[in-house]
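Below: the structure, in structure tokens.
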Amino acid sequence: MHDPLVIPTDEGLYCPAGNFHIDPWRPVATAVITHAHADHARSGHQLYYAQHLSVPILRHRLGEHEFIGLAYGEQRRFGPITLSLHSAGHVLGSAQVRVAHDDGRVWVVSGDYKRDADPTCAPFEVVPCDTLITEATFALPCYRWPPVEEVGQQIWDWWSGNPDRPCVLFTYAFGKAQRVLAALTAHTDRTVYLHGAMVALTGLYRDADVAMLPTQAVSELPRSESMNGKLILAPPSAAGSPWMRRYKNASTGFASGWMRIRGNRRRRGYDQGFELSDHADWPALLNTIRDCGASTVLTTHGRSDDLVRYLREHEGIDARALTTLYGGEDD
């Protein structure tokens with residue numbers, strides 16, 4: 001590719017013309033962060049640019065650094081580059097990075113994104129570009145998400161249908177847990193109980209005026225209090241840990257896009273699996289690539305090679321995979 005605007009380096013994706021990195025995994029002078037998940041936002045950079053709603057979460061997760069918060073669409077100049085952030089619809093404060101050169105070239109680094117409805121964050125924005133760097137976490141035709149309203153109903157039916165057992169739902173602490181809490185507002189106003197890893201993050205969502213069910217930390221309850229009939233949210237790392245001993249005869253569930261594949265729930269040992277992802281499914285990936293009008297697509301993490309092959313063979317798009325250290329559907 002002739003004179004690319006963004007290149008892979010040992011530190012991460014780098015814009016030479018603007019002298020900044022995007023979601024770098026090693027310490028750099030200037031980092032532009034798409035969102036605050038751990039694989040995209042790491043500590044040690046001298047200066048961070050991020051969407052302003054992401055800054056409190058970054059500060060919570062990374063500690064004190066120099067953060068500059070930008071509104072969606074706000075422009076900043078870096079030499080011949082005009083940089084702006086645009087909603088990715090992934091989690092609170094998530095952004096796509098638009099990199100526009102004075103010579104007219106426009107690249108977009110998507111970060112992680114989804115196009116499904118989600119009241120906990122701003123909706124995805126299509127950003128026209130010449131080159132798109134896109135995630136490919138669920139880039140197989142089998143991945144097609146049901147409406148979140150349907151998943152919320154399934155979770156409520158499971159919870160309300162177990163009045164004599166605790167219901168422990170494993171889900172990711174940042175983004176997914178808050179989406180579950182928002183989806184359930186259509187069915188109840190009951191309190192949901194949180195593992196300690198979720199308490200502060202959920203509070204930051206409330207600070208951003210996201211409507212969710214009331215919550216309380218499990219640690220605030222007396223050990224003698226029965227957990228029967230209660231819904232408890234916990235990160236997947238808590239499954240099988242001593243923390244679970246409190247929940248006698250619990251019914252367990254897992255909310256993740258991986259639950260789309262038959263057998264994953266059984267192999268992971270959960271009673272219930274709920275198909276809920278904060279990443280784009282197969283139709284959303286293809287529609288985004290078509291809608292943005294990119295003639296070149298570079299793919300990162302997930303099913304990168306599968307998406308590249310499909311784009312070349314069926315869409316006639318110049319596509320290739322980039323090697324990065326970004327993860328998949330986890331935190």
Checklist entry - Is L70 linked to I81 within one hydrophobic cluster, defined over Ile, Leu, Val, Met, Phe, Trp and Tyr using a side-chain heavy-atom separation of less than 4.5 Å? => result yes

Next on the checklist: Same cluster or not: I7 versus V106, using hydrophobic residues (I, L, V, M, F, W, Y) connected whenever any side-chain heavy atoms lie under 4.5 Å apart?
Outcome noted: no

Salt bridge check: are [X] and [Y] linked by an N-O gap of less than 4.0 Å?
X    : Y    : value
D318 : R312 : no
D102 : R77  : yes
E225 : R223 : no
D118 : K114 : yes

Next on the checklist: Do D189 and T185 have side chains that approach each other closer than 4.5 Å (heavy atoms only, starting at C-beta)?
Outcome noted: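 They are not in side-chain contact.
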
Ring centre gap for [X] and [Y] strictly below 6.0 Å:
X    : Y    : result
H86  : Y72  : no
F170 : F254 : no
Y113 : H279 : no

In terms of relative ring orientation, are [X] and [Y] parallel, tilted or perpendicular, with 30° and 60° separating the classes?
X    : Y    : value
W156 : W159 : perpendicular
H90  : H37  : perpendicular
W25  : Y326 : perpendicular
H65  : F67  : perpendicular

Item to check | side-chain contact (heavy atoms from CB on, under 4.5 Å) partner of L311, chosen from T134, D306, I289 | outcome: I289

Under 3.5 Å donor-acceptor, [X] side chain and [Y] backbone:
X    : Y    : value
R105 : D3   : yes
Q96  : E125 : yes
E135 : T137 : yes
K176 : L276 : yes

Item to check | Value rounded to 0.5 Å, distance of CG in D271 from OG in S251 | outcome: 4.0 Å

Next on the checklist: Checking D112 against H301: is there a side-chain donor and acceptor pair closer than 3.5 Å?
Outcome noted: yes

Next on the checklist: Could you report the tightest heavy-atom contact between P128 and V108, atom names first, then the distance?
Outcome noted: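 That would be O-CG2, 4.5 Å.
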
Next on the checklist: Set out, in order, the CA-CA distance, both residues' side-chain angles and the distance that settles ring pair (Phe, Tyr, Trp, His ring centres under 6.0 Å) for Y49 and F78, then state yes or no.
Outcome noted: CA-CA 12 Å; Y49 286 89; F78 293 83; 5.4 Å; yes

Item to check | R303, CZ: over 12 other non-hydrogen atoms inside 6.0 angstrom | outcome: no

Next on the checklist: Within the supplied structure, the quantity of interest is the number of heavy atoms (other residues, nucleotides, ligands) at a distance under 6.0 Å from N287 CG; does it exceed 12?
Outcome noted: yes

Next on the checklist: Please evaluate residues T288 and R115 with respect to the criterion side-chain hydrogen bond (donor to acceptor under 3.5 Å, both in side chains), reporting the C-alpha separation (whole Å), side-chain torsions for both, the decisive distance (0.1 Å), and the verdict.
Outcome noted: CA-CA 9 Å; T288 298; R115 300 189 65 168; 3.1 Å; yes

Item to check | All side-chain hydrogen bond (donor to acceptor under 3.5 Å, both in side chains) counterparts of S54, not counting sequence neighbours | outcome: none

Show the atom names and distances, to 0.1 Å, of all donor-acceptor pairs under 3.5 Å that link a side chain in residues 194-205 to residues at least two apart or in another chain.
from	atom 1	to	atom 2	distance (Å)
H195	ND1	A197	N	3.0
T202	OG1	Q178	NE2	3.1
T202	OG1	M198	O	2.8
Y205	OH	L92	N	3.1

